[in-house]
Amino acid sequence: MSGIEECLAEAMGITGALGVSLVDWTNGLAIGTAGLGPDGDHEVGAADATELARAVTQTPSFADPDSGAPPAEDVIVTSAGNYHLIRFVPAAFDANVFLYLRLDRDHANLAMARLRLAAIADRLVLT
């Protein structure tokens, strides 16, 4: 099991990683960051990603009613130069956090980054 700083450092080791944040989406604040935030500001990126996370988690269209699982595991947004990957962190307690990873589109493998970020999220322990 890993702590926040170790998980963020590991996420920055994903090929093409530009920056990563652990975000509390109840208040939109970054709990921890590494690398570069969008336009150099992790807090603005965290707030923007929070709006997207809330839209997905509060929309029943994305839910699988038979599974009892949260409405989404990941959210992926692509732009001309970047991939934006939000991975919800599973927790036994009522934590509303996600990892927000920005990737350089020219260097990243989105499928591999998604798998690696999922593994990191599964090991993350909030202390």
Quick check: do [X] and [Y] have side-chain heavy atoms less than 4.5 Å from each other?
X	Y	value
D74	I86	no
T50	F98	yes
L85	R114	yes
L22	L124	yes
V75	F88	yes

Quick check against the 3.5 Å criterion: does E51 have a side-chain atom that pairs as donor or acceptor with the backbone of D48?
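Answer holds: no.
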
So, does R54 use its side chain to make a donor-acceptor pair with the main chain of T26 at under 3.5 Å?
yes

Which distance, rounded to the nearest 0.5 Å, do you find between the CG of L52 and the CD1 of I76?
11.5 Å

Report the distance from atom OH of Y83 to atom CG of L101, rounding to the nearest 0.5 Å.
12.5 Å

Does atom CE of M112 have more than 12 heavy-atom neighbours from other groups under 6.0 Å away?
no

Minimum heavy-atom separation for [X] to [Y], with atom names?
X	Y	result
N82	D104	ND2-CA, 4.1 Å
A11	A17	O-CB, 3.6 Å
L8	T33	CD1-N, 3.4 Å
R102	H84	CG-ND1, 3.6 Å
L29	A46	C-CB, 4.4 Å
Y100	G45	CE2-O, 3.9 Å

Does the distance from a Lys or Arg side-chain N to an Asp or Glu carboxylate O, for E10 and R123, drop under 4.0 Å?
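The answer is yes: the pair qualifies as a salt bridge.
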
Checking side-chain contact (heavy atoms from CB on, under 4.5 Å) between L103 and each of L18, V20, N109, I14, which is the one that passes?
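Looking at L18, V20, N109, I14, the match for L103 under the side-chain contact (heavy atoms from CB on, under 4.5 Å) is I14.
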
